[in-house]
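These notes are about the structure you will find just below.
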Amino acid sequence: MSEQKRVFLVDAYALIFRGYYAFIKNPRINSKGVDTSAIMGFMNSLLDVIKRERPDHLAVCFDKGGSADRVELFEAYKANRDATPEAIKTAIPYIMDILKAMHIPIMVKEGFEADDVIGTLSKQAEKEGFTTFMVTPDKDFAQLVSENIFMYRPVFGGGYETWGIPEIQKKFEVEDPLQVIDFLGMMGDASDNIPGLPGVGEKTAKKFLAQYGSLENLLAHTHELKGKMKEKIEANKELGILSKKLATIMLDVPVTFNAKDFELSAPDIPKVTEIFQELEFRRLIDNFVKTFTVETTESGAATAVPESKKTASASDLAGAGQFNLFGTASTSAEALPNTFSRQTIATTSHFYQSVAPGMATDLFIKNVMAQTCVCFDTETTGLNPLTATLVGIAFSWEVGKGFYLPVPANQEAAQAVVELIRPFFEAEHIEKVGQNLKYDIKVLDKYAIKVQGKLFDTMLAHYLINPDMRHNMDVLAETYLNYTPVSITELIGKKGKNQLSMRDVPLEAQTEYAVEDADITLQLKQHFETELGSANIEHLFNDIEIPLLRVLAAMELEGINLDADFLTSLSADLDTDIKILEAKIYDVAGETFNIASPKQLGIVLFENLKLVDKPKKTKTGQYATSEDILSYLAKDHEIIQDILDYRGLSKLKSTYIDALPTQIEPTTGRVHTDYMQTVAATGRLSSNNPNLQNIPIRTERGRQVRKAFIPRNADYILLAADYSQIELRIIAALSKEETMITAFKNGEDIHASTAAQVFNVPLSDVTREQRSNAKTVNFGIIYGVSAFGLSNQTNLSRSEAKELIETYYETYPKLKTYMSAQVDFARDNGYVQTVLGRRRYLKDINSRNGVVRGGAERNAVNAPIQGSAADIIKIAMIAIYNALEVGNYKSKMLLQVHDELVFDIYKPELEAMKMLIKTEMEQAFTLEVPLDVDLDTGINWLEAH
DNA sequence: GTTGTGACCTA
DNA sequence: GTAGGTCACAACG
């Protein structure tokens, strides 16, 4: 590496274009419909340069308004650039914002191109003793190369090559890089619309340069040329001169290279993360964070903590004479000079101790019991709380300090240690802080510990503060504390066959890792507490999400009984039918192929069988074979329905019928889903491993799966309780739309009622089709209508759909007012909220891009509706759970499916339960519209629904 | 082995 | 048009 100072000047548009075209076959479109290819491509390149080269000086140069001088010279100059793709235009403001957040200087000069700005700056920097690297793939820049100025060219397929004088001499076959101008003047440059000399290409230009040295000299000696070439060049001498001018990069742009301004400093990571989040650049966030942190972590880790300080033994404590667990923290490492550095365990003063058995543990327990607020974190042998066992528990109640209580592997010994700490967990007076407490609570439940007292879960807090972000602790620490915690993979390795268990990690490392987590979580709590207050969502946090966490933990631990034998027999039936369909399809197709491969299927249908003249393609260029497209073709070709059936049955078999029995937990014999409380942006729960919120119901075949969900035993019965039309009731109440409110109050069929109103017929005369269309519009309203979407969902044309929506709004004028009011609120405040004040931030609500803005507007309407429904059922769940606990009932709440709760009811409690559940659900929240809950019971979930 | 895509399941 | 999750395939490392 050169000892000289190095400055990197980035040619923004060149890299943006390059990035955009790199993705051209497979453009990156995010969920809001924004083409982010150009931004992604550019950021990848920029981060790559920073990662590889660690420049100390860097700037990004843009064009502005094109080059007036060059356009004056030649009308057609860079006409190509006028056809800038829309995706690149929209990318520019984002890239500008990102660069600002990264504290990278942006160089633009009205009326000049980036080439000229870079050229001028390079020469100035050279005078100041800098080595300059021009980051661009554009060969025009070769003319600027000198002993201190290099081209830094991205290479397709990854990597970079540096072009200095020798490389230029070789590539262009010139002596002096300045001759590159002559070279370009002769051969022209199609991408820049530099015409060049007619008939002169790369080969000829090189020959001329070798012979004449310059364009001018060539033109002065045209008499030496022969034939057609001579005629052409003599007739176009002026064009040659002009081309050379166009190709000449200006070195006198009124910009100044000020080294200080170009120094690369630490980026505003939260800000950048926020923008990346908005663009949905998940992996780029990681890459970005790594790029700006990686350097420092290796340097200090090994020397961070003197070994002698890591474990406090009883004798240490006794030696201290009195109760003093802390001693003096003397483990601070020097802050590292690197400007990118984020704090780590190696750079931060900390005092983490493991607690030895015996007297030290006794002293520790006494101390922890004297606290009022303690953060804890359990370390276990795995991620599944049902099978994992405790390895240790970390505690922290003061920033930078904490203790680690190891738990032995032997079950009896483990329980003995747990008994010592039981008073802490069961102490009402100690507030417990943690990250994802649901997990810790589930683990501790296996040791018969019920965690009592006030809870503060940092993951839940952050979910309410910023539901669109991710909430894992490492990200939170990096974002809010500018701190990179020890990575779990550093301890136990990447997942796979060689991954260690936490129990295999040396105690010192366990301590450092575990107590750090507790310490960080405690610090995050202090941060989030104030944010919850300023967003006015403490009520939602303390009275909904936190109590719900205990409810979900209980439901997950409970699990649900599954009739695996029944599914096995279904599987066999299904297998037969799938094989029959398969044979039929192969027969019609005249060949065997993989029907499950959309790629192969597309080729068979549209190339071999030629079912359609102009088949639709997906964004990746494959034939689209989605259900809605194939359905259109079903009546014309018998093979289509068979394919659809095949796919439906395969999905049913693989996802449900075959997968569910494998998810039975051997220790309990039941299926335990995991409810995610911090995933859905609207406030809903989600369910996985397995997902019990998408068990089939719509088709007869699929519905059979529900028969496999059965009560605990013959003394029990399943009960399903679902809210009837809760989202429509909410929108009716919030909008105060009297007609709709009245219909609900009268207990009418709301879709029929809507149809009667919209089509202006008596309720009794509403046809099936009218009701069906009204139902579609009703749902459309909840989702944020568009005529396009509506016509896709019905047999109505676009204009009929538009008319129906207009009539709908005339019928329910207040609904329309309400929806506009939501959008206006979002515009003014940047967020919308539910009945309980749960917020969803809508950054795009004022976007200039209509597609993006439209998406945000639909969210503005939908989020409060969907979110309020989620709020209400959460209230009901907490109330019911508490009532079941207080009443000491045997009946249990098992599942939540957005507007439905499923219970295992102890038969003698059935009547009491029906009353309790219906009442709590209907009274959970008072609206101007009554809430209505339907109850059903059965010996399986299908019967109960 | 991981990752993205297309397909399909739910409220 | 909203909000989720899981599967098989295919392409990448």
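A note on names: the letters A, B, ... follow the listed sequences, proteins ahead of strands, and every chain is numbered from 1. All values below were derived from every heavy atom in this structure, side-chain atoms included, with hydrogens, water molecules and symmetry-related copies excluded.
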Q | Side chain of A:Asn859 (C-beta onward), nearest among C:dA3, B:dT10, C:dG1 | A | C:dA3

**Q.** Sequence-distant partners of A:Thr662, side-chain hydrogen bond (donor to acceptor under 3.5 Å, both in side chains), two or more places apart
**A.** none

Q | Test side-chain hydrogen bond (donor to acceptor under 3.5 Å, both in side chains) applied to A:Lys874 - qualifying residues, sequence neighbours left out | A | A:Glu545

Q | For atom CG of A:Asp468 and atom P of C:dT2, their distance in whole Å | A | 14 Å

Protein and nucleotides 6-9 of chain C: nitrogen or oxygen contacts under 3.5 angstrom:
from: C:dT6; atom 1: OP1; to: A:Asn689; atom 2: N; distance (Å): 2.9
from: C:dT6; atom 1: O2; to: A:Lys651; atom 2: NZ; distance (Å): 2.6
from: C:dC9; atom 1: OP1; to: A:Asn594; atom 2: ND2; distance (Å): 2.9
from: C:dC9; atom 1: O3'; to: A:Ser597; atom 2: OG; distance (Å): 3.4

(Q) Any carboxylate oxygen within less than 4.0 angstrom of a Lys/Arg side-chain nitrogen, looking at A:Asp749 and A:Arg771? (A) yes

Q: Just compare B:dC8, C:dG4, B:dT10 and give me whichever is closest to any side-chain atom of A:Ala681.
A: C:dG4

Q. With A:Ser791, which residues qualify under side-chain contact (heavy atoms from CB on, under 4.5 Å), at least two apart?
A. A:Arg798, A:Ala801

Q: Go through the structure and list residues passing ring pair (Phe, Tyr, Trp, His ring centres under 6.0 Å) with A:Tyr808, not counting sequence neighbours.
A: A:Tyr812

(Q) Taking the minimum atom-to-atom distance to the side chain of A:Thr776, which one of C:dG1, B:dA11, B:dC9 wins? (A) C:dG1

Q. For A:Gln896 and C:dA3, what is the distance between atoms CD and C1' respectively, to the nearest whole Å?
A. 12 Å

Q: May I ask you to verify whether the side chain of A:Gln866 and the base of C:dT2 hold a donor-acceptor pair under 3.5 Å?
A: yes

(Q) So that I can tick it off, tell me whether A:Lys438 and A:Glu556 are bridged by a salt bridge, with the cut-off set at under 4.0 angstrom between side-chain N and carboxylate O. (A) yes

Q | For A:Thr817, side-chain contact (heavy atoms from CB on, under 4.5 Å) partners two or more places apart | A | none

Q: Output yes when at least one side-chain N/O atom of A:Arg858 is less than 4.0 Å from OP1 or OP2 of C:dG1, else no.
A: no

(Q) Distance check needed: B:dC9 P versus A:Arg647 CZ, whole Å only. (A) 10 Å

**Q.** Separation of C:dT2 P from A:Leu685 CG (nearest whole Å)
**A.** 21 Å

Q | Phosphate OP1/OP2 of B:dG6: any A:Thr625 side-chain N/O under 4.0 Å | A | no

Q) Within the pair A:Arg698 and B:dT10, is there a side-chain N or O less than 4.0 Å away from OP1 or OP2? A) yes

Q) How many Å lie between CG on A:Leu895 and P on B:dA11, as a whole number? A) 13 Å

**Q.** Residue A:Val679, side-chain heavy atoms: nucleotide from B:dC8, C:dG5, B:dG6 that is nearest
**A.** C:dG5

Q) Of the candidate nucleotides B:dA7, C:dG4, C:dT2, which contains the atom at the shortest distance from the side chain of A:Ser626? A) B:dA7

Q. How would you label the contact of A:Leu652 with the nucleic acid (heavy atoms, under 4.0 Å): base, sugar-phosphate, or nothing?
A. nothing

Q: Mind calculating the distance between CD (A:Glu900) and P (C:dG4) to the nearest angstrom?
A: 20 Å

Q. What does A:Arg840 touch in the nucleic acid at a heavy-atom separation under 4.0 angstrom: a base, only the sugar-phosphate, or nothing?
A. sugar-phosphate

Q) Rounded to whole angstroms, how far apart are CD1 on A:Ile578 and C1' on B:dC8? A) 14 Å

Q | Nucleotide B:dG4, atom P - distance to CD of A:Gln622 in whole Å | A | 17 Å

Q: Indicate yes or no: does A:Glu582 engage A:Lys579 in a salt bridge with an N to O separation below 4.0 Å.
A: no

